[in-house]
Amino acid sequence: MPQIIDGKAISAQIKEELQRKVAMLKKTQKTEICLAVIQVGSDPASTVYVGNKKKACAYIGIESLAYELPEETTQEELLALIDALNHNDKVNGILVQLPLPDQIHEDEVIRAIDPKKDVDGFHPQSVGALCIGQPGFVSCTPAGIIQLLKRSGIKIAGKECVVIGRSNIVGKPMALLLIRENATVTVAHSRTEDLKEVTKRADILVVAVGKPKMITREYVKEGAVVIDVGIHRNEDNKLCGDVDYDDVAPVCSAITPVPGGVGPMTIAMLMHNCVEAGTVRLE
Ligand code: NDP
């Protein structure tokens with residue numbers, strides 16, 4: 001049977017480490033860390049995500065300021081709030097929950113956040129820094145996957161890694177992080193010819209395709225490590241990933257389950273970025 005990569009346990013470990021670090025910072029340096037969380041509208045999924053982020057802040061000892069804005073908020077109003085938070089010295093991190101209502105341009109909002117407070121790692125300056133190997137915030141889901149691999153004792157350097165998906169928040173930063181870890185990286189997407197041939201080369205296969213259970217054992221090399229980023233609800237309202245877990249698990253050496261794999265790591269890494277924002281100067 002494969003090693004089951006336990007994202008719940010690893011994320012709990014990271015959150016405990018952060019809790020100790022925050023307590024120490026408060027005691028020795030009188031440093032308080034504060035995250036501003038902005039939600040526009042009341043999309044139920046966003047409300048759950050925002051609630052989980054606030055809970056994680058409380059657990060770690062980070063103050064969270066919640067801004068719940070109405071659905072009809074204009075772009076100017078949102079940008080004005082971000083500007084005020086950029087200039088508020090008490091606030092270390094700013095997070096705008098996506099998606100935003102149609103009248104607001106996501107790209108402009110992301111660009112308006114001061115890169116020093118960009119704890120989601122979505123600002124073009126953060127992405128550019130990652131690309132050229134300079135300090136900056138890294139998108140939380142791919143950063144969490146690197147932690148999952150390292151803390152599960154899986155070697156990345158020198159390995160053949162294939163990432164399925166090239167989105168700005170998962171696929172592309174994932175590929176850049178794997179390169180930073182000295183892997184040989186291929187990025188596959190919807191225009192890739194003969195996807196199975198490409199994915200079967202992978203020692204580590206990261207699947208962020210956004211299609212429930214698409215990846216079956218025909219896509220996986222015997223003994224590969226399989227990381228499933230996908231989150232979906234199946235017909236029985238149960239969570240499942242982009243990987244057909246029951247089919248793939250018997251042929252791989254390690255695999256992340258859904259739920260309990262990549263999912264919990266995203267919030268843990270957001271908390272990590274908040275603590276960094278409060279302690280490290282990114283110039
Ligand atoms: P996107 O829909 O933005 O990207 C999907 C990518 O998969 C695209 O690059 C697309 O290619 C590619 N793709 C689609 N169909 C195929 C196909 N048949 N063959 C090969 N490639 C294909 O998704 P995200 O990156 O935002 O998210 C991916 C998954 O991860 C989703 O299930 C999402 O819910 C989940 N997710 C989970 C998170 C977590 O915390 N666990 C966080 C973020 C996302 P192209 O570019 O050519 O269109």
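No experiment lies behind these values; they were computed from the predicted model shown. When a ligand or atom number is given, it counts from 1 through the structure's own listing order. Numbers for residues simply follow the sequence, beginning at 1.
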If you count every heavy atom of other residues, nucleotides or ligands that lies below 6.0 Å from [X] atom [atom1], does the total exceed 12?
X: Glu193; atom1: CD; result: no
X: Asp236; atom1: CG; result: yes
X: Arg217; atom1: CZ; result: yes

Quiz item: What residue pairs, at least two apart or across chains, pass side-chain hydrogen bond (donor to acceptor under 3.5 Å, both in side chains) with a residue in residues 226-235?
Solution: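 Residue pairs passing side-chain hydrogen bond (donor to acceptor under 3.5 Å, both in side chains), neighbours aside: His232-Asp242.
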Suppose we measure from [atom] to each protein heavy atom; which comes out shortest, and what is that distance?
atom: atom 47 (O) of ligand 1; value: Ser190 OG, 2.5 Å
atom: atom 2 (O) of ligand 1; value: Val209 O, 4.9 Å
atom: atom 1 (P) of ligand 1; value: Ser167 CB, 4.2 Å
atom: atom 31 (C) of ligand 1; value: Gly210 CA, 3.6 Å
atom: atom 42 (C) of ligand 1; value: Thr141 OG1, 3.3 Å
atom: atom 35 (C) of ligand 1; value: Val229 O, 3.4 Å

Backbone of [Y] reached by a side-chain donor or acceptor of [X] within 3.5 Å:
X: Arg151; Y: Ile10; value: no
X: Ser126; Y: Gly121; value: no
X: Asn86; Y: Ala112; value: yes

Short list, please: which atoms of ligand 1 are under 4.0 Å from a heavy atom of [X]?
X: His232; answer: 32 (O)
X: Lys211; answer: 14 (C), 15 (N)
X: Met214; answer: 17 (C), 18 (N), 19 (N)
X: Gly165; answer: 6 (C), 7 (O), 9 (O)
X: Gly263; answer: 41 (N)
X: Gly230; answer: 29 (C), 30 (O), 32 (O), 35 (C)
X: Val170; answer: 25 (O), 43 (C), 44 (C)

Quiz item: Looking at ligand 1, does any of its N/O atoms fall within less than 3.5 Å of an N/O of Arg191?
Solution: no
Quiz prompt | pair Leu270-Leu95: side-chain heavy atoms closer than 4.5 Å | solution = yes
Quiz item: Is there a heavy atom in Asp242 that sits closer than 4.0 Å to ligand 1?
Solution: yes
Exercise. Can you tell me which residue pairs pass the salt bridge (charged side-chain N to carboxylate O under 4.0 Å, His left out) test with a partner in residues 58-81, sequence neighbours excluded?
Key: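 Pairs touching residues 58-81 that pass the test: Lys54-Glu68, Glu63-Lys90.
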